Amino acid sequence: IVITGGTVENAYAGGETGDPSVTGSISSIAVRVEGGTVESLTPGKSGGTVITPDAQNTEVSLSYLPGTVTNEDTLKTDFGADAAKVLFTVSFNTNGGSAVESVLVEEGGLVPAPAAPTKGGYTFAGWHKGSADGEAWDFANDTVSGDLVLFAAWNEVVPEEPTPDP
């Protein structure tokens with residue numbers, strides 16, 4: 001389930017059937033709140049089984065922007081600390097280059113490497129933390145722990161001087 005806007009009064013992670021004749025196991029549940037407001041996000045039931053990370057063969061993944069879920073202070077208790085993740089915004093400052101869209105990344109997640117921006121007269125030299133001169137961002141290993149801005153580094157293209165004829 002992806003919630004991108006509006007107001008949702010109750011969202012359940014798992015089918016809320018309560019029907020004991022429903023059997024089988026649920027392998028995964030994902031709820032992602034990217035906008036709007038959810039008044040209550042709670043564990044649901046399927047066949048009388050409460051859907052939490054403790055339920056047999058169930059993987060729960062909740063991710064939400066801070067302030068979008070009214071009961072966000074209890075999500076880690078209700079679903080498990082490893083299941084409930086905050087979404088952070090990763091923005092890209094291209095320092096005069098072509099635009100790169102921001103992305104939402106779960107707490108502790110890896111940032112997907114965007115396509116390299118372009119800038120006339122320069123070659124792209126990578127993304128850096130804090131400033132264009134800061135430490136290079138390692139997309140394979142660096143993880144997100146809060147909202148983040150990555151800065152483009154550039155190398156100026158120096159035209160070759162013509163070689164004089166002897």
Side-chain angles (χ1 to χ4, degrees), residues 1-15 26-44 51-55 57-157:
I1 299 171
V2 178
I3 300 168
T4 58
T7 299
V8 177
E9 287 188 23
N10 290 293
Y12 298 96
I26 296 172
S27 61
S28 66
I29 298 161
V31 178
R32 186 173 173 101
V33 183
E34 296 181 353
T37 302
V38 177
E39 295 298 329
S40 177
L41 178 55
T42 57
I51 306 304
T52 68
D54 298 330
N57 299 319
T58 303
E59 292 180 29
V60 178
S61 173
L62 307 173
S63 53
Y64 57 94
L65 284 171
T68 59
V69 180
T70 303
N71 63 323
E72 70 184 85
D73 58 331
T74 64
L75 293 181
K76 290 185 184 295
T77 302
D78 293 344
F79 292 98
D82 292 336
K85 303 280 186 182
V86 177
L87 289 171
F88 292 113
T89 301
V90 178
S91 303
F92 300 92
N93 181 328
T94 62
N95 288 314
S98 59
V100 174
E101 292 291 318
S102 296
V103 294
L104 294 175
V105 179
E106 283 187 356
E107 177 180 24
L110 298 173
V111 177
T118 58
K119 182 177 178 180
Y122 293 84
T123 57
F124 178 64
W127 294 104
H128 295 257
K129 304 176 211 178
S131 72
D133 297 328
E135 184 180 343
W137 183 264
D138 181 349
F139 287 94
N141 295 301
D142 289 344
T143 58
V144 175
S145 60
D147 288 338
L148 174 69
V149 177
L150 295 177
F151 294 84
W154 300 96
N155 292 323
E156 188 172 6
V157 175

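Values in this document were obtained by computation on a predicted structure and should not be read as measured data. Positions are given from 1 along the sequence.
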Starting from the C-alpha separation in whole Å, work towards a yes-or-no answer on side chain to side chain contact (heavy atoms under 4.5 Å, CB included) for L75 and V69.
-> CA-CA 9 Å; L75 293 181; V69 180; 4.1 Å; yes

Could you walk me through whether R32 and Y64 pass the side chain to side chain contact (heavy atoms under 4.5 Å, CB included) test, one step at a time?
-> CA-CA 6 Å; R32 186 173 173 101; Y64 57 94; over 6 Å; no

Worked verdict on N71 versus L41 for side chain to side chain contact (heavy atoms under 4.5 Å, CB included) | CA-CA 7 Å; N71 63 323; L41 178 55; 4.1 Å; yes

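Formation of a donor-acceptor pair under 3.5 Å by the D147 side chain with backbone atoms of T89 is found in this model.
Of all heavy-atom pairs spanning S91 and S102, the tightest one is OG-OG, 3.3 Å. The minimum heavy-atom distance between E39 and T7, with the atom names listed, is OE2-CG2, 3.9 Å. Nearest heavy atoms, A115 versus V100: O-CG2, 4.2 Å. For the residue pair N155 and A125, the shortest heavy atom distance occurs at ND2-CB, 3.6 Å. Between P117 and S98, the shortest heavy-atom distance links the atoms CA-OG, 3.3 Å. Shown here for A152 and F124, the closest heavy-atom pair between the two residues is CB-CE1, 3.8 Å.
By the side-chain contact (heavy atoms from CB on, under 4.5 Å) test, T4 is found to be paired with V2, E34, residues two or more places apart in sequence or in another chain being considered. Applying the side chain to side chain donor-acceptor pair (under 3.5 Å) rule to T37 yields no partners; only residues at least two apart in sequence or on another chain are considered. Remark: S145 pairs with no residue by the side-chain contact (heavy atoms from CB on, under 4.5 Å) rule, at least two apart or across chains. Partners of Y122 under the side-chain contact (heavy atoms from CB on, under 4.5 Å) rule, at least two apart in sequence or in another chain, are K119, W154, E156. Every residue two or more places apart in sequence or in another chain that forms a side-chain contact (heavy atoms from CB on, under 4.5 Å) with V157 is listed here: T123.
One distance of note links OG1 of T68 with CD1 of I3; it measures 8.5 Å at 0.5 Å rounding. Rounding to the nearest 0.5 Å gives a distance of 9.5 Å between CG of L65 and CD of E72. For the atom pair CG of L150 and CG of N93, the computed distance is 9.5 Å after rounding to the nearest 0.5 Å.
The shortest distance between side-chain heavy atoms of N95 and F151 falls below 4.5 Å. The closest side-chain heavy-atom distance from F79 to S61 is not below 4.5 Å. In this structure, the side chains of V149 and V90 stay at 4.5 Å or more apart for every pair of heavy atoms.
With E106 as reference, L87 is the one residue of L62, V144, T143, L87 to meet the side chain to side chain contact (heavy atoms under 4.5 Å, CB included) rule.
The ring pair (Phe, Tyr, Trp, His ring centres under 6.0 Å) contacts involving residues 89-118 comprise F92-W127, where partners must be two or more places apart or lie in separate chains. Residue pairs meeting the side-chain hydrogen bond (donor to acceptor under 3.5 Å, both in side chains) criterion with at least one partner in residues 129-141, sequence neighbours excluded, are D138-N141.
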